[in-house]
Amino acid sequence: MEVPPFPRPESPKAALALQRALAKRVVLSGSLEGKRLLAALDASHKRGKPLVAVALLYHLEKGPLFVGQARVPEEALFPYVPGLLSFREAPAYLEALKTLPEAPEVLLVDGQGIAHPRGLGIASHLGVHLDLPSVGVAKSLLFGRPEGPLPQEAGSAVRLLAPDGRPLGYAYRSRTGVKPLYVSPGHRVGLEEALAFVRRLPTRFRLPEPLRLAHIEAGRALAALD
DNA sequence: GCGACAG
DNA sequence: ATCTTGTCGC
């Protein structure tokens, strides 16, 4: 698939400016109802070793189809700064996506979509960069607060609101009793449509299967490094 | 100034 | 993200 070069900011300062510019291009409308081919993105890293990124091609009816992967030397990584995660991991994801035999219709990313201080979490950033629909599924909160208590029942969700009251996504209970996931639209998808999409992903445990499998693959690939 | 802070 | 053992609970 076509992958434009990903700019590497020379400083966190420049990264912030770039985010504010790109955030203006995020499109918060669109349905994912007809989409069946997605790429789940997750990464694993351990100090002293390269970061391993996995792009797992997954078909909603056929299941996992292919595991794409890429490694980036630790020295080449942008530092981890809350709010600037995409500058650290996106380059690796883009390389992993290049190894896929087919272009996905949607990106499912481990991280925030627009539920971000400047409206450009890694899912939104990748979506805008590739002009592809994308959804962010994070395991913890970065920005915004749940509108109210989240019921324990599997499938329940409550809106995630920005300090100014603007809806950013949802706190979502994927399975009874598990900790919530934070779902927010990345690009070219509406708030409710993003949640609807995640809701129909097969989910055996806390994480939707595509992301869980990508996570497992990234972990074993990292452990297999010498 | 203080607290929060994806992976 | 990873560092880390046992432990509580379905």
Side-chain angles (χ1 to χ4, degrees), chain A residues 6 12 15-16 19 22-23 26 40-56 69-96 107-129 134-146 152-154 160-164 168-187 194 198 203-208 210-212 214-225:
Chain A
F6 192 82
L16 295 183
Q19 286 189 324
L22 293 175
V26 173
L41 274 31
D42 187 47
S44 189
H45 174 67
K46 182 160 52 176
R47 46 184 185 50
K49 287 189 173 186
L51 177 145
V52 175
V54 163
L56 186 143
Q69 141 181 186
R71 287 172 285 289
V72 174
E74 189 169 55
E75 317 76 57
L77 295 171
F78 189 84
Y80 171 69
V81 178
L84 300 182
L85 178 66
S86 58
F87 295 102
R88 181 180 179 79
E89 301 188 343
Y93 286 143
L94 294 175
E95 288 306 308
L107 298 181
L108 185 66
V109 191
D110 180 15
Q112 316 290 347
I114 63 167
H116 175 281
R118 290 165 293 285
L120 196 83
I122 189 167
S124 296
H125 199 157
L126 284 167
V128 170
H129 189 76
S134 63
V135 175
V137 175
K139 300 182 296 303
S140 66
L141 209 45
L142 169 68
F143 185 69
R145 288 305 181 232
Q152 290 298 319
E153 307 88 77
L160 204 58
L161 305 178
D164 66 6
L168 304 171
Y170 300 84
Y172 169 62
R173 190 86 68 185
S174 58
R175 301 287 286 178
T176 301
V178 305
K179 292 171 61 63
L181 289 179
Y182 300 90
V183 179
S184 60
H187 182 53
V198 173
T203 307
R204 300 168 57 186
F205 301 104
R206 184 191 180 208
L207 290 176
L211 276 180
R212 190 179 75 90
H215 183 73
I216 291 174
E217 287 305 316
R220 66 175 39 161
L222 178 64
L225 293 177

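Everything numeric in this text was worked out from a predicted model, so none of it was measured. Labels below follow one simple rule: chain letters A, B, ... track the order of the sequence lines, proteins then strands, and each chain is numbered from 1.
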* To do: Taking A:Arg118 for its side chain and A:Ala23 for its backbone only, find out whether a donor-acceptor pair lies under 3.5 Å.
  => no

* Applying ring pair (Phe, Tyr, Trp, His ring centres under 6.0 Å), name anything that partners A:Tyr172, two or more places apart in sequence or on another chain. => none

* Structure fact -> CG of A:Leu211 to CG of A:Leu108, rounded to nearest 0.5 Å, is 4.0 Å

* Residues A:Glu95, A:Val72; criterion side chain to side chain contact (heavy atoms under 4.5 Å, CB included); working and verdict -> CA-CA 9 Å; A:Glu95 288 306 308; A:Val72 174; 5.8 Å; no

Sub-3.5 Å pairs of nitrogen or oxygen atoms, protein against nucleotides 1-5 of chain C:
unit_1, atom_1, unit_2, atom_2, d
C:dA1, OP2, A:Lys139, NZ, 3.0
C:dT2, OP1, A:Ser44, OG, 2.8

* Asked: Under the side chain to side chain contact (heavy atoms under 4.5 Å, CB included) test, which residues partner A:Ala96, sequence neighbours left out?
  -> A:Ala55, A:Ala70

* Could you walk me through whether A:Leu94 and A:Leu126 pass the side chain to side chain contact (heavy atoms under 4.5 Å, CB included) check? -> CA-CA 8 Å; A:Leu94 294 175; A:Leu126 284 167; 3.8 Å; yes

* Asked: For A:Arg212, which residues count as a side chain to side chain donor-acceptor pair (under 3.5 Å) partner, sequence neighbours excluded?
  -> A:Glu209

* Asked: For A:Glu74 and A:His45, does a side-chain donor sit closer than 3.5 Å to a side-chain acceptor?
  -> yes

Using a cutoff of under 3.5 Å, can you pull out all pairs of nitrogen or oxygen atoms linking the protein to nucleotides 8-10 of chain C, with atom names and distances?
none

* Structure fact -> ring pair (Phe, Tyr, Trp, His ring centres under 6.0 Å) filter on A:His125, not counting sequence neighbours, yields A:Phe6, A:Phe87

* Contact class for A:Leu141 (heavy atom, under 4.0 Å): base, sugar-phosphate, or nothing? -> sugar-phosphate

* Structure fact -> Rounded to the nearest 0.5 angstrom, the CD-CG distance for A:Gln19 and A:Leu84 is 5.0 Å

* Hey, does A:Leu84 reach any base, or is it just sugar-phosphate, or nothing, if we go heavy atoms under 4.0 Å? -> base

* To do: Indicate, with a heavy-atom threshold strictly under 4.0 Å, whether A:Gly83 touches base, sugar-phosphate, or nothing.
  => base

* Structure fact -> Residues passing the ring pair (Phe, Tyr, Trp, His ring centres under 6.0 Å) test with A:Tyr182, sequence neighbours excluded, are none

* Would A:Ile122 and A:Tyr93 count as a side chain to side chain contact (heavy atoms under 4.5 Å, CB included) if you check the C-alpha gap in whole Å, the side-chain angles of each, and the deciding distance to 0.1 Å? -> CA-CA 10 Å; A:Ile122 189 167; A:Tyr93 286 143; 3.7 Å; yes

* List DNA chain C stems (3 or more consecutive Watson-Crick/G-U pairs, under 3.5 Å)? -> none

* Anything below 3.5 Å on both distances counts as a pair; with that, list the stems of at least three consecutive Watson-Crick or G-U pairs involving DNA chain B. => none

* To do: Please identify each residue that fulfils ring pair (Phe, Tyr, Trp, His ring centres under 6.0 Å) with A:His215, with sequence neighbours left out.
  => none

* Structure fact -> Rounded to the nearest 0.5 Å, the CZ atom of A:Arg173 sits from the CG atom of A:Leu181 at a distance of 9.5 Å

Could you pull out every donor-acceptor pair under 3.5 Å between side chains of residues 135-145 of chain A and any protein atom, sequence neighbours left out?
unit_1, atom_1, unit_2, atom_2, d
A:Lys139, NZ, A:Asp110, OD1, 3.0
A:Lys139, NZ, A:Asp110, OD2, 3.2

* Nucleotides bounding contact with chain A, strand DNA chain B, heavy-atom threshold 4.0 Å -> B:dA4 to B:dG7

* With a non-hydrogen cut-off below 4.0 angstrom, is A:Arg145 in contact with a base, only sugar-phosphate, or nothing? -> sugar-phosphate

